[in-house]
Amino acid sequence: MYYSEDIVEEVRQRNDIVDIISPYVNLKKSGSNYVGLCPFHNEKTPSFSVSAGKQMYYCFGCGAGGNVFTFLMEYENLTFQEALEQLAERAGVALPEKADSAEDRRKRDARERILEIYKLAANYFYAKLNSDKGANAKKYLLDRGLSEETIRHFGLGYSDKYSNDLYQYMKKRDFDDTILNQTGLFTFHERQGVNDKFWNRVMFPIMDRNNKVIAFGGRVMGDAKPKYLNSPETLIFDKSRNLYGLNFVRGKLNQGMIICEGYMDVIALHQAGFTNAVASLGTAFTSQQSSLLKRYTDMVYLCYDSDGAGVKAALRAIPMLKEAGITVKVIDMRPYKDPDEFIKGMSAQEFQKRIEQAKNSFFYEIDILRRDYDMDDPAEKTKFMNEAAAKCLAFENEIERNNYIEAFCREYSVRTEDFKQLVRHHAAAMAGSAYRKLKSEKEKRDGGEKENGMKRIEGILLTWLSEDISLADSVRQYLLPEDFLDEPYGTVAEMIYQQAAEGSISPAKIISRFDSREEQAVVAGIFNKQVKQVTEVSEREKALNEMVRTLKKTSIEKRSREVTDLAELQKLILEKKKLERLHITIQR
């Protein structure tokens with residue numbers, strides 16, 4: 001849903017950032033700012049700064065930053081709309097109704113009705129489990145080692161053995177077949193009538209992050225097939241974008257998250273105290289789920305079944321998680337098949353030890369690869385070494401790659417220099433263009449010292465302008481937004497100039513103009529550059545003029561190398577002459 005910039009800004013202004021962050025972080029006054037331990041990474045010395053004047057936060061340790069919206073989105077894992085609505089309710093701001101089309105209203109009404117039906121169904125299944133009809137299902141759960149509290153916590157239930165029991169329940173509540181057919185809870189047959197999709201099954205409610213029931217999983221009581229049955233995708237449920245148990249996770253998990261295969265694995269781990277466990281929903285792990293996990297953690301422990309299918313699932317998930325920027329480790333549960341069996345056969349303490357001993361995903365993949373080769377056969381061993389060397393090329397950072405190479409060589413008693421030579425051979429054998437592209441992208445990301453130095457100057461100047469509006473007009477006479485060679489610095493400069501012309505500069509408002517959290521963090525970092533405090537006005541003027549001159553000169557040099565138009569060349573010559581007369585004064 002789209003809200004106007006005026007509404008977004010009103011909500012932001014009505015929620016003081018210090019008041020919003022204080023319940024989450026123990027803030028202490030430090031000069032004009034507040035400081036505390038960053039909630040987004042582990043630290044012992046406070047590097048998390050909150051500015052009441054700029055209405056923004058920034059961590060000098062991990063680079064997290066933004067305004068009130070960004071903080072709630074990052075800490076509570078909310079969407080922008082959810083954060084906006086939460087802050088609007090807190091401040092008593094009435095959000096306007098969106099002027100939707102008839103089709104939009106129809107879909108929204110259908111979603112609300114389906115959510116209502118799923119809520120009723122969850123309560124119905126829970127009541128059945130705790131009735132005489134659910135005695136066998138309840139016994140099954142208790143025999144699996146679940147406590148009454150755990151059963152209640154996860155809202156577990158039972159679908160009756162009669163195949164249209166839930167349907168009759170919903171009809172008595174005046175739901176028509178049109179909406180019931182959209183829920184995925186019923187099967188409509190032309191001749192046989194309507195049947196419940198789930199019957200005679202233990203029921204596992206699947207909830208979204210707001211604890212709303214959006215789907216079910218059902219485990220059959222008996223020998224019928226399939227053993228596990230899941231809700232189909234509906235208006236409210238996309239299995240590739242959700243994870244079972246995610247609704248119980250809050251905040252950024254520094255200790256990582258555990259990914260399992262099944263509902264019972266998640267429940268058993270939560271009951272044992274590992275409340276950071278989730279599971280995919282009856283389907284192969286997806287890149288969308290990797291992106292979802294990245295919002296919660298930078299570390300994932302794969303805890304898939306130790307059988308062949310579990311190994312294949314882990315090998316499929318590892319590259320997707322790495323692509324999302326997540327460090328991956330794999331838990332070895334042998335001789336047990338899954339976490340549920342492990343907890344019962346060993347203990348929670350032993351499982352914690354397995355977490356601590358979890359294998360780095362690279363060496364897990366190497367161990368699995370080794371199973372395909374006879375290491376006593378020289379030819380087979382050579383093939384294995386070549387495969388392993390090729391895998392080392394996945395590490396773009398040379399130091400990281402060398403660390404893995406050295407660890408591999410220790411593990412397999414290989415001369416380090418020999419193996420490095422093999423890795424270099426595979427690098428050279430790579431498709432030339434692909435390898436050059438990889439190297440080029442790495443160099444672009446790393447940047448040279450000069451480029452990093454220019455970014456620092458750009459950031460310091462923009463911070464200075466945000467703190468002293470009187471300088472904006474003078475600086476703009478020499479330095480235009482396009483003279484800032486990096487983004488989002490140029491865009492930020494343009495917004496500062498625009499706000500200065502309107503009479504007030506608001507860093508928090510500028511942050512709101514950027515969509516992604518990554519960009520918002522970068523912009524927050526721009527506004528938190530350290531401007532050296534110099535008492536003498538003449539010294540401050542000298543520093544300001546030098547920064548403007550350096551940025552403008554660099555911009556002119558870059559454009560001169562690329563110019564092909566005569567008129568543009570003449571324009572650059574005039575700008576050079578104007579730069580010679582540069583002198584910006586600071587009000588005394």
Side-chain angles (χ1 to χ4, degrees), residues 256 258-259 285 290 298-336 350 352-446:
I258 303 170
I259 304 180
F285 192 77
S290 296
D298 296 317
M299 167 71 77
V300 158
Y301 295 90
L302 289 180
C303 196
Y304 286 163
D305 292 358
S306 55
D307 58 12
V311 170
K312 287 182 180 179
L315 293 176
R316 283 195 304 267
I318 287 170
M320 284 185 277
L321 289 162
K322 285 184 175 179
E323 182 68 24
I326 297 173
T327 300
V328 187
K329 293 189 176 183
V330 183
I331 299 172
D332 183 1
M333 292 175 295
R334 291 175 296 181
Y336 296 96
E350 287 300 317
Q352 178 60 43
K353 289 181 182 178
R354 293 294 178 98
I355 292 176
E356 294 165 2
Q357 297 164 0
K359 182 158 287 190
N360 177 285
S361 61
F362 172 78
F363 287 104
Y364 174 79
E365 291 178 291
I366 292 293
D367 286 351
I368 299 302
L369 178 66
R370 180 179 176 176
R371 298 177 190 178
D372 296 333
Y373 297 96
D374 179 2
M375 299 299 284
D376 293 325
D377 183 317
E380 290 279 293
K381 186 174 182 179
T382 300
K383 290 179 182 178
F384 166 72
M385 290 295 172
N386 276 291
E387 289 273 3
K391 279 189 173 293
C392 290
L393 296 177
F395 301 105
E396 297 179 34
N397 182 282
E398 188 174 355
I399 293 176
E400 183 182 20
R401 182 169 62 249
N402 286 334
N403 287 337
Y404 276 95
I405 288 173
E406 290 169 4
F408 174 87
C409 292
R410 287 194 298 271
E411 178 75 17
Y412 288 93
S413 302
V414 181
R415 272 175 37 98
T416 303
E417 191 51 47
D418 291 343
F419 192 68
K420 282 185 177 180
Q421 180 62 37
L422 187 60
V423 173
R424 287 193 288 268
H425 170 75
H426 279 276
M430 270 178 116
S433 60
Y435 185 66
R436 284 193 296 272
K437 181 182 178 183
L438 191 69
K439 187 176 179 181
S440 173
E441 289 175 351
K442 175 183 178 297
E443 290 172 350
K444 190 182 294 184
R445 282 196 302 271
D446 293 345

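Everything numeric here is computed off the predicted structure, so don't read it as measured data. Heavy atoms only: backbone and side chains are in, while hydrogens, waters and symmetry mates are out.
Considering all non-hydrogen atoms of both residues, Ala358 and Ile331 come closest at CB-CG1, 4.2 Å. In this structure, Ala407 and Phe363 approach most closely via the heavy-atom pair CB-CZ, 3.5 Å. Considering all non-hydrogen atoms of both residues, Phe285 and Ala317 come closest at CD2-CB, 3.8 Å. Across all their heavy atoms, Lys420 and Ile405 have their closest contact at CG-CG2, 3.8 Å. Among all heavy-atom pairs drawn from Gln421 and Arg424, the shortest one is OE1-NH2, 3.0 Å. When every heavy atom of Ile258 is checked against every heavy atom of Cys303, the shortest pair comes out as CG2-CB, 3.7 Å.
Contact check for Arg371 versus Val311: side-chain heavy atoms found under the 4.5 Å cut-off. Within the 4.5 Å cutoff, the side chain of Phe362 has heavy atoms near those of the Lys391 side chain. The shortest side-chain heavy-atom distance between Tyr364 and Leu302 does not fall under the 4.5 Å cut-off. Side chains of Arg370 and Lys381 form no contact here, defined as non-hydrogen atoms less than 4.5 Å apart. No side-chain heavy atom of Lys383 sits under 4.5 Å from any side-chain heavy atom of Glu387.
With ring centers used as reference points, Phe384 lies under 6.0 Å from Tyr412.
Applying the side chain to side chain contact (heavy atoms under 4.5 Å, CB included) test to Gln352 and every residue at least two apart in sequence or in another chain returns Phe274, Ile355, Glu356. For Gln357, the side-chain hydrogen bond (donor to acceptor under 3.5 Å, both in side chains) test picks out no residue, with sequence neighbours left out. With sequence neighbours excluded, the residues that form a side chain to side chain contact (heavy atoms under 4.5 Å, CB included) with Ser361 are Ile318, Lys322, Val328.
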Open item on the list: I'd like to know whether Glu350 forms a salt bridge (charged side-chain N to carboxylate O under 4.0 Å, His left out) with Lys353, so could you lay out the CA-CA distance, the side-chain angles of the two residues, the decisive distance to 0.1 Å, and finally the verdict.
Closed with: CA-CA 5 Å; Glu350 287 300 317; Lys353 289 181 182 178; 3.3 Å; yes
TODO: I would like to know whether Asp298 and Thr327 meet side chain to side chain contact (heavy atoms under 4.5 Å, CB included); could you show each step before the answer?
DONE: CA-CA 6 Å; Asp298 296 317; Thr327 300; 5.8 Å; no
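How far NZ of Lys329 is from CE of Met299: 4.5 Å, rounded to the nearest 0.5 Å. We find the CD1-CD1 distance between Ile326 and Ile259 to be 7.0 Å, quoted to the nearest 0.5 Å. Atom SG of Cys392 is separated from atom CD of Glu400 by 10.5 Å, given to the nearest 0.5 angstrom. The distance from the CZ atom of Arg316 to the CG atom of Leu321 is 12.5 Å, given to the nearest 0.5 Å. In this structure, OG1 on Thr416 lies 11.0 Å from CZ on Phe408, to the nearest 0.5 angstrom. Here the CG-CE distance, from Leu422 to Met385, works out to 9.0 Å after rounding to the nearest 0.5 Å.
Between the side chain of Asp305 and the backbone N or O of Asp307 there is no donor-acceptor pair closer than 3.5 Å.
Surrounding CD of Glu323 are at most 12 heavy atoms belonging to other residues, nucleotides or ligands under 6.0 Å away.
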